[in-house]
Amino acid sequence: MTGRLDRIALRGLRARGRHGVLAAERELGQEFIIDVTLFLDTAPAAAGDDLTKTVHYGELAEDLVKVVEGEPVDLIETLAQRLADVCLSRELVESAEVSVHKPAAPIPLPFDDVIVTITRSRS
(Lines give C-alpha, C1' and ligand atoms only; values in the text may rest on other atoms or scores of the structure.)
Protein backbone atom coordinates (compact mmCIF):
# COMPACT_ATOMS: atom_id res chain seq x y z
CA MET A 1 0.00 0.00 0.00
CA THR A 2 2.84 2.43 0.76
CA GLY A 3 4.15 2.03 -2.81
CA ARG A 4 1.38 4.22 -4.24
CA LEU A 5 1.39 6.80 -1.44
CA ASP A 6 3.45 9.94 -1.10
CA ARG A 7 5.97 10.44 1.68
CA ILE A 8 6.69 13.22 4.11
CA ALA A 9 9.95 12.69 6.00
CA LEU A 10 11.28 14.41 9.09
CA ARG A 11 14.92 13.57 9.80
CA GLY A 12 17.24 14.27 12.69
CA LEU A 13 14.71 15.59 15.22
CA ARG A 14 16.60 15.88 18.50
CA ALA A 15 15.23 15.74 22.03
CA ARG A 16 16.51 14.85 25.47
CA GLY A 17 14.88 11.93 27.23
CA ARG A 18 15.40 9.64 30.21
CA HIS A 19 14.80 6.31 28.51
CA GLY A 20 16.79 3.18 29.30
CA VAL A 21 17.12 0.38 31.80
CA LEU A 22 20.06 1.80 33.75
CA ALA A 23 19.55 4.16 36.68
CA ALA A 24 22.07 6.62 35.23
CA GLU A 25 20.09 6.84 31.98
CA ARG A 26 16.97 7.69 33.96
CA GLU A 27 18.75 10.24 36.16
CA LEU A 28 20.99 12.01 33.65
CA GLY A 29 19.04 11.53 30.44
CA GLN A 30 20.56 11.67 26.99
CA GLU A 31 19.88 12.88 23.48
CA PHE A 32 17.67 10.83 21.19
CA ILE A 33 17.37 11.45 17.46
CA ILE A 34 14.13 10.70 15.67
CA ASP A 35 13.47 10.07 11.98
CA VAL A 36 9.93 9.58 10.71
CA THR A 37 8.48 8.94 7.29
CA LEU A 38 4.75 9.36 6.85
CA PHE A 39 2.91 7.68 3.99
CA LEU A 40 -0.19 9.52 2.75
CA ASP A 41 -1.81 10.98 -0.33
CA THR A 42 -0.64 14.60 -0.67
CA ALA A 43 -2.46 15.24 -3.97
CA PRO A 44 -5.50 16.91 -2.37
CA ALA A 45 -3.24 19.29 -0.44
CA ALA A 46 -1.22 20.12 -3.54
CA ALA A 47 -4.29 20.60 -5.71
CA GLY A 48 -5.74 23.22 -3.39
CA ASP A 49 -2.49 24.45 -1.79
CA ASP A 50 -4.26 23.56 1.45
CA LEU A 51 -2.35 22.78 4.67
CA THR A 52 -5.45 21.21 6.22
CA LYS A 53 -5.27 18.38 3.66
CA THR A 54 -1.79 17.24 4.65
CA VAL A 55 0.28 16.84 7.83
CA HIS A 56 1.65 19.97 9.52
CA TYR A 57 5.17 18.69 10.13
CA GLY A 58 5.99 21.51 12.56
CA GLU A 59 3.16 20.45 14.86
CA LEU A 60 4.10 16.81 14.40
CA ALA A 61 7.69 17.58 15.44
CA GLU A 62 6.47 19.31 18.61
CA ASP A 63 4.28 16.32 19.51
CA LEU A 64 7.11 13.84 18.91
CA VAL A 65 9.48 15.83 21.13
CA LYS A 66 6.87 15.83 23.92
CA VAL A 67 6.88 12.02 23.81
CA VAL A 68 10.69 11.80 23.95
CA GLU A 69 10.81 14.32 26.81
CA GLY A 70 7.88 12.66 28.59
CA GLU A 71 7.39 9.49 30.58
CA PRO A 72 10.54 7.32 30.53
CA VAL A 73 10.46 3.76 29.20
CA ASP A 74 13.04 1.00 29.42
CA LEU A 75 13.20 0.15 25.72
CA ILE A 76 13.63 2.34 22.67
CA GLU A 77 11.32 -0.15 20.97
CA THR A 78 8.58 1.11 23.29
CA LEU A 79 9.53 4.71 22.58
CA ALA A 80 9.38 4.01 18.83
CA GLN A 81 5.87 2.57 19.21
CA ARG A 82 4.69 5.64 21.11
CA LEU A 83 6.12 7.87 18.39
CA ALA A 84 4.44 5.79 15.68
CA ASP A 85 1.15 6.19 17.54
CA VAL A 86 1.60 9.97 17.38
CA CYS A 87 2.22 9.78 13.63
CA LEU A 88 -0.83 7.58 13.06
CA SER A 89 -2.99 9.93 15.12
CA ARG A 90 -2.90 12.21 12.09
CA GLU A 91 -6.04 11.27 10.19
CA LEU A 92 -4.46 11.33 6.73
CA VAL A 93 -1.45 9.14 7.58
CA GLU A 94 -1.87 5.57 6.30
CA SER A 95 1.41 4.26 7.70
CA ALA A 96 4.58 5.51 9.32
CA GLU A 97 8.17 4.42 9.62
CA VAL A 98 9.90 5.56 12.81
CA SER A 99 13.58 5.30 13.69
CA VAL A 100 14.86 6.06 17.17
CA HIS A 101 18.60 6.70 17.42
CA LYS A 102 20.38 6.33 20.74
CA PRO A 103 23.95 7.44 19.94
CA ALA A 104 24.98 7.61 23.62
CA ALA A 105 23.74 4.12 24.53
CA PRO A 106 25.73 2.58 27.40
CA ILE A 107 27.87 0.23 25.34
CA PRO A 108 31.48 -0.13 26.53
CA LEU A 109 32.86 -0.46 23.00
CA PRO A 110 33.38 2.03 20.15
CA PHE A 111 30.18 2.43 18.09
CA ASP A 112 28.40 5.10 16.07
CA ASP A 113 24.73 4.60 16.89
CA VAL A 114 22.00 2.26 18.04
CA ILE A 115 18.85 2.50 15.94
CA VAL A 116 15.46 0.83 16.24
CA THR A 117 13.23 1.21 13.20
CA ILE A 118 9.57 0.18 13.10
CA THR A 119 6.82 0.47 10.51
CA ARG A 120 3.21 0.70 11.58
CA SER A 121 0.00 1.01 9.56
CA ARG A 122 -3.61 1.73 10.32
CA SER A 123 -5.47 -1.45 11.22
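These values consider heavy atoms only, across backbone and side chains, with no hydrogens, waters or symmetry-generated copies. Keep in mind that this is a model prediction, so the values were computed, not measured.
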Legend entry - Arg14/Glu31 ion pair, N-O < 4.0 Å: yes
Legend entry - Min side-chain heavy-atom separation Arg7-Glu97 under 4.5 Å: no
Legend entry - Flag if over 12 foreign heavy atoms under 6.0 Å of CG, Asp50: yes
Inset, instruction - Determine the sole option in Asp113, Thr117, Asp112 for which the side chain to side chain donor-acceptor pair (under 3.5 Å) test with His101 is passed. - result: Asp113
Legend entry - Cluster check Ile107, Ile76: I/L/V/M/F/W/Y, side chain < 4.5 angstrom: yes
Inset, instruction - Show the numbers, then the answer: is there a side-chain contact (heavy atoms from CB on, under 4.5 Å) between Asp41 and Leu92? - result: CA-CA 8 Å; Asp41 182 3; Leu92 299 172; over 6 Å; no
Legend entry - pair Val36-Leu83: side-chain heavy atoms closer than 4.5 Å: no
Legend entry - Residue pair His56 / Leu60, side-chain heavy-atom distance below 4.5 Å: no
Legend entry - Within one Ile-Leu-Val-Met-Phe-Trp-Tyr cluster: Leu13 and Phe39, side-chain cutoff 4.5 Å: no
Legend entry - Test: Arg26 and Asp74 ion pair at under 4.0 Å: yes
Legend entry - Sole residue of Asp6, Leu5, Ile8 in side chain to side chain contact (heavy atoms under 4.5 Å, CB included) with Leu40: Ile8
Inset, instruction - Carefully, step by step, assess Arg82 and Glu71 under the rule side-chain contact (heavy atoms from CB on, under 4.5 Å). - result: CA-CA 11 Å; Arg82 290 182 178 181; Glu71 180 186 349; 4.0 Å; yes
Legend entry - Cluster link Val65 to Val93, ILVMFWY, side chain under 4.5 Å: yes
Inset, instruction - Tell me whether Val67 is reachable from Ile115 by hopping between hydrophobic residues (I, L, V, M, F, W, Y) whose side-chain heavy atoms are closer than 4.5 Å. - result: no
Legend entry - Closest non-hydrogen atom pair, Leu88 against Ala96: CD2-N, 4.3 Å
Inset, instruction - Following the transitive rule for hydrophobic clusters with a side-chain heavy-atom cut-off under 4.5 Å over Ile, Leu, Val, Met, Phe, Trp and Tyr, establish whether Leu75 and Val116 coincide in one cluster. - result: no
Legend entry - Pair Arg11-Ser99, side-chain donor/acceptor within less than 3.5 Å: no
Legend entry - Distance-minimising heavy-atom pair for Ala80 and Val98: O-CG1, 4.0 Å
Inset, instruction - Quick one: pull up OG in Ser95 and CZ in Arg120 and give me the separation to the nearest 0.5 Å. - result: 11.5 Å
Inset, instruction - Name all residues meeting the side-chain hydrogen bond (donor to acceptor under 3.5 Å, both in side chains) criterion together with Asp63; count only those two or more places apart in sequence or in a different chain, and write none if there are none. - result: Arg90
Inset, instruction - Can you tell me which residue pairs pass the ring-ring contact (aromatic ring centres under 6.0 Å, His included) test with a partner in residues 18-38, sequence neighbours excluded? - result: His19-Phe32
Legend entry - Reported CD-to-CG distance for the pair Glu27 and Leu22, which is rounded to 0.5 angstrom: 10.5 Å
Legend entry - Carboxylate-amine/guanidinium contact Lys102 Glu25, below 4.0 Å: yes
Legend entry - Matching residue for Cys87 among Leu10, Thr37, Leu38 - test: side chain to side chain contact (heavy atoms under 4.5 Å, CB included): Leu38
Inset, instruction - Scan side-chain atoms only and decide if Arg16 and Gln30 contain a donor-acceptor pair under the 3.5 Å cut-off. - result: no
Inset, instruction - Can you see which heavy atom on Ala15 is nearest to which on Val68, and at what distance? - result: CB-CG1, 3.6 Å
